[in-house]
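Throughout, a chain's letter reflects where its sequence line sits, starting with A, and its residues are numbered from 1.
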2 protein chains.
Amino acid sequence: MKMLTKTHPTVPAYRRIQSEIQALIESGELKAGDTVRSERGLARTHGVSLMTARHALRELELDGLVERHRGSGTFVAPPKIHFNKLVSFSEQMSSRGLVAQSRVLNLRVGEREHDIAARLALAADSRLVKLERLRQANGQPFGLEVCYFSAEQFPRVRRARLERRSLFTMFEQEYGIAFAYADEEVDAVAADSRAAELLQVPKGAPVLRIRQVLYSADGKPITYTLALYRSDRHSLLVRRFR
Amino acid sequence: MKMLTKTHPTVPAYRRIQSEIQALIESGELKAGDTVRSERGLARTHGVSLMTARHALRELELDGLVERHRGSGTFVAPPKIHFNKLVSFSEQMSSRGLVAQSRVLNLRVGEREHDIAARLALAADSRLVKLERLRQANGQPFGLEVCYFSAEQFPRVRRARLERRSLFTMFEQEYGIAFAYADEEVDAVAADSRAAELLQVPKGAPVLRIRQVLYSADGKPITYTLALYRSDRHSLLVRRFR
DNA sequence: AAGTGGTCTAGACCACGGC
DNA sequence: CCGTGGTCTAGACCACTTC
């Protein structure tokens, strides 16, 4: 019944313990397979009860950072490969050791396209920003992306910035929007003549089409993107469960 | 300090409480938005401590079955739409209101294909079962699937059964294998003449190619499937997070 | 046997929500 | 104000793994 020793916003004790261990793992001081201090050890040195120390380790387990084995201990989990993870184009490229580049082909403000507005849960005649970019990896054309979003809600778009920063970053920094998830519809289509030329493939070549709606943390659709990828340079990885 | 009142395998108290509430939800007795009994209420009627009742509700929350709100209570969560879920062909079809059919084009035992054996973590010269099926929906050709698995581990394959039961079911019933997840690599290719004929599309038409490795619950790869789908009749839905 | 995680108790105080 | 979930205590016994 003490409940003292806190800065006012009262970070729970189990959170502090959890963060401390998480920091050790993220800094590399604890590597995959290393044993993590036991419940009893943590309880003693942090001056908390067993249940509280246990809570901290349980949360780390739920986050996938540690594995717990009855009778033997708690261990740093092997780094997870993130499947079905939402990443920006540049993150995607750099994780494969490629240099990402983007060329803005078109940037128009004020487009009206009913079907796309509908997908973004906007009024049918809403003004949209339409941004068309050619994605390149190591200087080679890779994909063609056309992205739409509300011109009213997001008026500050500057072409120059988009050449360097991702749209992703722009939305986060300029508008404080945190993206949470994206729904993608994937199929195969034949490249039309314009796409073929830009992607440098024969007209009619099969390309991967991805139509994506990106949602913010509060569940609102923010952008709609139609993308065509050269199939020889891009394939999609999906993990399905259960 | 009692710890009595148990059948021998000792189902933990929090699990019993959890199962009981889960049953109420699954049977429809509790519907989305309904309030679930409080920690204190459950503790009293189940004769357990608050921490134990709390544990039960916490697990239900982690399973996504309930939402908890401090100060107001615990509520049945709205039913979740399962994204990136592993389902059989027939489940996939019936969820769209279509009738699934399968025609076995080929069933060969004893194939040796080094690259595929490698993907299944088998010795390079392992004997494989190769099963080729034409998938149809409402009588229309839909996709072409070639599936491989170890002939040594799974010798009991009967053509007749595969026309009706899914491979999925066969593995589960005959070998007690529970599938856990699948990794899929998706791209777009042009239909070769055989695929074009079977799928009734022009030669060279873009088709969606999915190469899938299916894993059992213990993380072992069980089957490798190469599938081609008519793009006009099938598109893949993926949800990506974060 | 010693140490670990898993379950559990019988309380407590707190912050928050709705009345 | 009262009921709710969130955090926490100072213990306990059990099942399991390692030595």
Side-chain angles (χ1 to χ4, degrees), chain A residues 1-22 24-25 30 33-77, chain B residues 1-22 24-25 30 33-77:
Chain A
M1 74 276 294
K2 38 257 35 178
M3 223 90 315
L4 33 141
T5 77
K6 299 297 159 35
T7 66
H8 250 116
T10 342
V11 178
Y14 80 92
R15 284 268 177 235
R16 288 190 296 101
I17 300 172
Q18 180 188 346
S19 305
E20 179 187 303
I21 296 170
Q22 182 164 349
L24 290 176
I25 294 172
L30 284 176
D34 288 357
T35 79
V36 176
R37 307 206 30 230
S38 73
E39 299 179 350
R40 286 164 181 80
L42 289 166
R44 194 166 28 80
T45 66
H46 285 82
V48 297
S49 81
L50 213 50
M51 285 296 288
T52 300
R54 174 173 182 67
H55 194 169
L57 292 177
R58 168 68 170 156
E59 290 293 309
L60 288 167
E61 184 185 26
L62 290 174
D63 288 348
L65 289 176
V66 305
E67 292 173 2
R68 316 193 70 198
H69 301 286
R70 165 173 5 193
S72 81
T74 298
F75 306 88
V76 178
Chain B
M1 75 266 299
K2 35 250 49 157
M3 221 93 314
L4 33 141
T5 77
K6 299 296 158 36
T7 67
H8 250 116
T10 342
V11 178
Y14 80 91
R15 284 262 177 243
R16 287 190 297 101
I17 299 172
Q18 180 188 345
S19 305
E20 178 186 303
I21 297 170
Q22 182 165 348
L24 289 176
I25 294 173
L30 285 177
D34 288 356
T35 78
V36 176
R37 307 205 31 229
S38 73
E39 298 180 349
R40 287 164 180 80
L42 290 166
R44 192 165 29 79
T45 66
H46 285 81
V48 297
S49 82
L50 213 51
M51 284 296 288
T52 300
R54 173 172 184 69
H55 193 169
L57 293 177
R58 168 68 171 155
E59 290 293 309
L60 288 167
E61 183 184 25
L62 290 174
D63 288 348
L65 289 177
V66 305
E67 291 174 1
R68 315 193 69 198
H69 299 286
R70 170 180 353 200
S72 82
T74 299
F75 306 88
V76 177

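- With hydrogens and angles ignored, no donor-acceptor pair closer than 3.5 Å exists between the side chain of A:R40 and the base of C:dG3.
- Distances shown here put every side-chain N or O of A:S72 at or beyond 4.0 Å from the OP1 or OP2 atom of C:dG5.
- Per the geometry, CZ belonging to A:R16 stands 12 Å off C1' belonging to D:dC8, to the nearest Å.
- Rounded to an integer number of Å, the gap from B:R70 CZ to C:dG18 P is 13 Å.
- The salt bridge (Lys or Arg N to Asp or Glu O under 4.0 Å) contacts involving residues 35-48 of chain B comprise B:E39-B:R54, B:E39-B:R68, where partners must be two or more places apart or lie in separate chains.
- A sub-4.0 Å separation between OP1 or OP2 of D:dT4 and a side-chain N or O of B:S38 is present.
- Counting only heavy atoms from C-beta on, B:E39 has its side chain closest to D:dG5 among C:dA10, D:dC8, D:dG5.
- One distance of note links CG of B:L42 with CD1 of B:I21; it measures 4.5 Å at 0.5 Å rounding.
- Within the 4.0 Å cut-off from OP1 or OP2 of C:dC8, not a single side-chain nitrogen or oxygen of B:Y14 is found.
- Between B:T74 and A:G47, the residue whose closest nucleotide on DNA chain D is further toward the 5' end is B:T74.
- Using a 4.0 Å cut-off, some side-chain N or O of A:S49 falls inside it from OP1 or OP2 of D:dT9.
- Straight-line distance from the CZ atom of A:R37 to the C1' atom of C:dG5: 16 Å, rounded to whole Å.
- Within the structure, every side-chain polar atom (N or O) of B:T52 is placed at least 4.0 Å from both OP1 and OP2 of C:dT7.
- Between A:L62 atom CG and C:dG6 atom C1' the separation is 14 Å, expressed in whole Å.
- Atom pair B:E61:CD and D:dG6:P shows a separation of 6 Å (rounding to whole Å applied).
- Between A:T10 and C:dA15, a side-chain N or O to OP1/OP2 separation shorter than 4.0 Å is absent.
- Rounded to whole angstrom, the span from the CG atom of B:L50 across to the P atom of C:dA12 amounts to 12 Å.
- As judged by a 4.0 angstrom heavy-atom cut-off over every strand, A:G41 is placed among residues making no nucleic acid contact.
- C:dT7 atom C1' lies 13 Å from atom CZ of A:R58, rounded to whole Å.
- Applying the 3.5 Å distance criterion, the base of D:dG5 shares no donor-acceptor pair with the side chain of B:R54.
- In this structure, the CZ atom of A:R44 is 12 Å from the C1' atom of C:dG3, given to the nearest Å.
- Side-chain proximity of B:P12 to the nucleotides D:dG6, D:dT9, C:dT7 is greatest for C:dT7.
- For the pair A:R68 and A:G71, nearest-nucleotide mapping onto DNA chain C gives the more 5' position to A:G71.
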